[in-house]
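Just so it is clear: chains get the letters A, B, ... in the order the sequence lines come, proteins before strands, and each one is counted from 1.
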Protein chains: 2
Amino acid sequence: MSEQQRRPTLVDVAQAAGVSRALVSIVMRGAPGAAVATRQRVLDAARELGYRPDSRARLLRSTRTKLLGLSFSTGHAFHAEIVDAAYAEASAKGYELALGGVTSGRPEARTIEALLDFGSEALILISPTLSSDELARYAGQVPVVSLLRNDVGELTDSVSSDDYEGIRMAVEHLVSLGHRRIIHVDGGTAVSAEPRRSAFRAEMEQRGLEPAIIAGGAMEEDGMTAGNSLGPDMPTAVIAFNDRSALGLIESLRAQGLRVPADVSVLGYDDSQFARLSYVQLSSISQDAPLLAAAAVDRAVARIEGTQPPGHVVRTPHLVARRTTAAPAPGG
Amino acid sequence: MSEQQRRPTLVDVAQAAGVSRALVSIVMRGAPGAAVATRQRVLDAARELGYRPDSRARLLRSTRTKLLGLSFSTGHAFHAEIVDAAYAEASAKGYELALGGVTSGRPEARTIEALLDFGSEALILISPTLSSDELARYAGQVPVVSLLRNDVGELTDSVSSDDYEGIRMAVEHLVSLGHRRIIHVDGGTAVSAEPRRSAFRAEMEQRGLEPAIIAGGAMEEDGMTAGNSLGPDMPTAVIAFNDRSALGLIESLRAQGLRVPADVSVLGYDDSQFARLSYVQLSSISQDAPLLAAAAVDRAVARIEGTQPPGHVVRTPHLVARRTTAAPAPGG
DNA sequence: TCATGTGACTAGAACGATCTAAATGCCCTG
DNA sequence: CAGGGCATTTAGATCGTTCTAGTCACATGA
């Protein structure tokens with residue numbers, strides 16, 4: 001049907017408007033140095049021709065791409081929320097976002113290479129799994145901001161949520177409701193699992209309580225398995241590694257004939273979409289994705305535009321009490 | 001610490017290897033016309049310097065980017081599955097993927113512009129919401145493949161799943177189990193809601209059954225609401241618009257003291273991760289995301305590389321029977 | 001009157017690659 | 001030994017921009 005016609009360039013616009021290429025360039029990027037009347041004439045010509053600047057050529061020359069690379073895991077709903085917020089914050093700062101998905105068959109390094117190829121001026125990596133050394137190697141090329149993980153060495157920026165404080169709040173919440181027999185279903189080898197685990201241990205011990213921890217993971221299945229292994233001495237409250245695990249856990253408890261929160265209180269982590277579902281109403285620790293995303297974008301931009309050294313930002317999470325936590329039954 | 005050093009270019013590699021720019025170019029893109037020994041020497045020099053071709057410059061000249069733009073909605077788990085599969089298929093065909101997220105605050109058009117700016121040679125849009133005319137406008141610039149939606153006009157390619165057939169299978173499955181009072185909780189204004197609705201009506205009528213349809217939507221809440229409104233005359237089986245709606249529906253039925261599938265069978269649509277969760281085990285109609293994604297990538301590549309006209313591919317879904325559908329209770 | 005300043009505009013060189021066409025060797029054939 | 005054929009290599013133009021360093025016309029102040 002319509003042939004794939006060559007797209008118009010600066011030269012075409014210049015000819016149409018009867019001016020030089022350079023002047024069109026000035027007008028198109030809104031730089032000062034063109035008379036009002038001429039400016040208008042050029043803009044008209046450009047619109048007439050349907051001109052749109054070729055970003056490749058533009059960037060090639062200017063070396064500024066105004067592009068931030070963001071890697072996330074497909075399948076992590078929490079990451080999706082961060083992506084949303086990052087888009088908003090980036091565009092507010094005049095940057096565009098290049099998204100890179102990490103999947104099972106596609107290693108993180110591959111995704112990062114692609115993001116760099118697109119011309120990202122900085123990288124924001126959600127829960128990166130690379131070693132500090134590998135991250136540092138990339139950090140030598142562009143600023144790198146690690147999101148949700150902070151043990152990344154001195155050359156990489158990080159924006160994370162205070163896991164210790166989050167777990168402390170969780171324990172505090174449950175204890176203040178009257179719980180004493182609290183267990184933690186941990187995240188296994190997942191990022192952040194270790195700090196949460198040790199935070200739980202420390203916090204419980206400090207209160208003179210037994211810090212019972214059982215193996216879990218990041219998915220519903222893990223929560224279920226953990227729940228099923230709970231039989232013998234059922235606690236009155238459980239702090240799950242995250243919301244998805246908490247959901248599986250609740251399902252397992254239900255199957256065992258227990259009511260949540262009447263018999264057992266369950267607390268999630270992430271305050272994800274799942275937690276907010278009307279039929280779930282999971283109490284959870286919120287890391288506030290929008291805030292974290294904004295902070296990460298801020299740092300990335302600051303690093304690009306200024307000459308600040310890498311830094312580590314830690315934000316304090318907060319507790320969102322919903323329907324899955326309550327005081328323990330009198331006999332509990 | 002380490003200065004942000006200028007990245008090495010072809011010229012640097014050429015000097016290091018003692019050959020011309022052109023030859024390095026030949027070697028770097030694996031083109032024929034370089035002696036084996038020289039090729040090796042150049043590659044060594046490149047690795048030594050940490051050279052990586054500047055894609056902007058490369059693309060500026062070659063006009064081939066080997067890049068496919070893919071837009072998806074953050075927050076749609078089903079889309080994430082497609083993204084996964086598309087990555088695999090694209091890289092198998094030697095293409096890279098540029099991801100663009102569509103969120104509430106970021107209109108589809110904006111995302112598409114960004115994908116084009118990255119230099120996408122074709123666009124794959126998952127459930128696009130733009131009008132056929134708008135799609136056609138983009139299709140004039142690059143091949144556009146609409147995924148999961150097929151009423152997109154003649155200039156846009158489409159890859160979709162046969163909604164009629166999917167619903168037909170759903171009805172068939174339930175009827176063969178012995179159900180007669182089947183209702184459909186529809187998808188409201190969501191993409192694909194209308195074809196599924198009318199398919200249900202037609203298929204039920206053809207079997208001489210009453211095609212009861214009640215308003216729903218695409219989310220858990222919608223399923224819940226629909227489920228709660230079911231009270232008076234409870235059917236023996238429900239076909240939900242999608243898995244998420246089905247989940248809400250099941251939750252509502254449970255709250256009403258009904259067992260699934262003993263009292264009511266529930267069938268989802270999409271065969272998403274949710275359906276497969278071990279504690280859910282939702283029977284569902286699978287659109288087979290990997291297959292759809294592969295087909296979309298295939299079409300995009302075919303359009304780019306050949307001179308084929310736009311076409312519409314329709315794939316047949318299949319039913320995955322799990323634990324939420326069974327024969328109705330004798331008294332039902 | 002003449003240097004000087006200012007605003008509007010432009011020529012031409014980048015940017016870092018690819019591509020075309022031509023040059024350079026080298027071996028072989030007649 | 002001339003010249004053809006082939007593989008290898010290179011010079012130089014080119015892609016569509018931005019940027020630097022002007023030019024040009026005109027007004028200004030001493």
Student: Would you tabulate the side-chain donor-acceptor contacts of residues 36-43 of chain A under 3.5 Å, counting partners in other chains and residues two or more places apart, or write 'none'?
Tutor:
residue : atom : partner : partner atom : Å
A:Arg39 : NH2  : A:Ala31 : O            : 3.0
A:Gln40 : NE2  : A:Asp44 : OD1          : 3.1
A:Arg41 : NH1  : A:Ala17 : O            : 2.5

Student: Before giving the answer on side-chain contact (heavy atoms from CB on, under 4.5 Å), spell out for A:Asp157 and A:Arg303 the whole-Å C-alpha distance, their side-chain angles and the decisive distance to 0.1 Å.
Tutor: CA-CA 9 Å; A:Asp157 283 75; A:Arg303 285 292 309 283; 2.2 Å; yes
Student: Nucleotides 21-23 of chain C: which of its N/O atoms have a protein N/O under 3.5 Å away?
Tutor:
none

Student: Can you tell me the distance, in whole Å, between the CG atom of B:Leu49 and the C1' atom of C:dG16?
Tutor: 15 Å
Student: What I want to check is whether an N or O donor and acceptor connect the side chain of A:Arg61 with the base of D:dT17 at under 3.5 Å.
Tutor: no
Student: For B:Arg149 and B:Leu125: C-alpha separation, side-chain torsions, deciding distance, then whether side-chain contact (heavy atoms from CB on, under 4.5 Å) applies.
Tutor: CA-CA 9 Å; B:Arg149 176 180 152 207; B:Leu125 311 175; over 6 Å; no
Student: What residues form a side chain to side chain contact (heavy atoms under 4.5 Å, CB included) with B:Gln273, not counting sequence neighbours?
Tutor: B:Ala77, B:Glu81
Student: D:dG16 P sits how many Å from A:Arg7 CZ, rounded?
Tutor: 9 Å
Student: Side-chain N or O of A:Ser55 less than 4.0 angstrom from OP1 or OP2 on D:dT17?
Tutor: no
Student: Output the rounded distance in Å from CG (A:Leu59) to P (C:dG16).
Tutor: 13 Å
Student: According to a strict under-4.0 Å criterion, is A:Arg58 in side-chain N/O contact with OP1 or OP2 of D:dT18?
Tutor: yes
Student: In this structure, how many angstroms lie between the C1' atom of C:dA17 and the CZ atom of B:Arg52, rounded?
Tutor: 15 Å
Student: Sequence neighbours left out, what passes ring pair (Phe, Tyr, Trp, His ring centres under 6.0 Å) with B:Phe118? Give chain and number order.
Tutor: A:Phe118
Student: Give the nucleotide from the list D:dC15, C:dC9, C:dC15 with an atom nearest to the side chain of A:Ala35.
Tutor: C:dC9
Student: Tell me: CG of A:Leu60 to P of D:dG16, nearest whole Å?
Tutor: 12 Å
Student: To the nearest Å, how far apart are A:Lys66 NZ and D:dT17 P?
Tutor: 19 Å
Student: If you apply the rule side-chain contact (heavy atoms from CB on, under 4.5 Å), what do you find for B:Arg52 with A:Asp117, and how did you get there?
Tutor: CA-CA 9 Å; B:Arg52 95 183 352 225; A:Asp117 277 347; 3.2 Å; yes
Student: Within a strict 4.5 Å, meaning less than it, do heavy atoms of the A:His76 and A:Ile126 side chains meet?
Tutor: no
Student: Does CD in A:Glu48 sit with more than 12 non-hydrogen atoms of other residues, nucleotides or ligands closer than 6.0 Å?
Tutor: no
Student: Residues from residues 17-27 of chain A sitting under 4.0 Å of DNA chain D, heavy atoms only?
Tutor: A:Arg21, A:Ala22, A:Ser25
Student: D:dT17 phosphate, OP1 or OP2: any side-chain N/O from B:Arg56 under 4.0 angstrom?
Tutor: no
Student: Could you tell me whether a side-chain N or O of A:Thr111 sits under 3.5 Å from a main-chain N or O of A:Ser71, the two making a donor and an acceptor?
Tutor: no
Student: Is A:Ala34 touching bases, backbone alone, or none of the nucleic acid, heavy atoms closer than 4.0 Å?
Tutor: sugar-phosphate
Student: Heavy atoms from C-beta onward define the side chain here; which of D:dT9, C:dG16, D:dC19 lies closest to that of B:Asp54?
Tutor: C:dG16
Student: Side chain of B:Leu10 only, please: which of D:dT9, D:dC19, C:dT18 is the nearest?
Tutor: C:dT18
Student: OP1 or OP2 of D:dT8 less than 4.0 angstrom from a side-chain nitrogen or oxygen of B:Thr38, does that happen here?
Tutor: no
Student: I'd like to check the side chain to side chain contact (heavy atoms under 4.5 Å, CB included) partners of A:Ser160; sequence neighbours left out, ordered by chain and number.
Tutor: A:Asn150, A:Val314
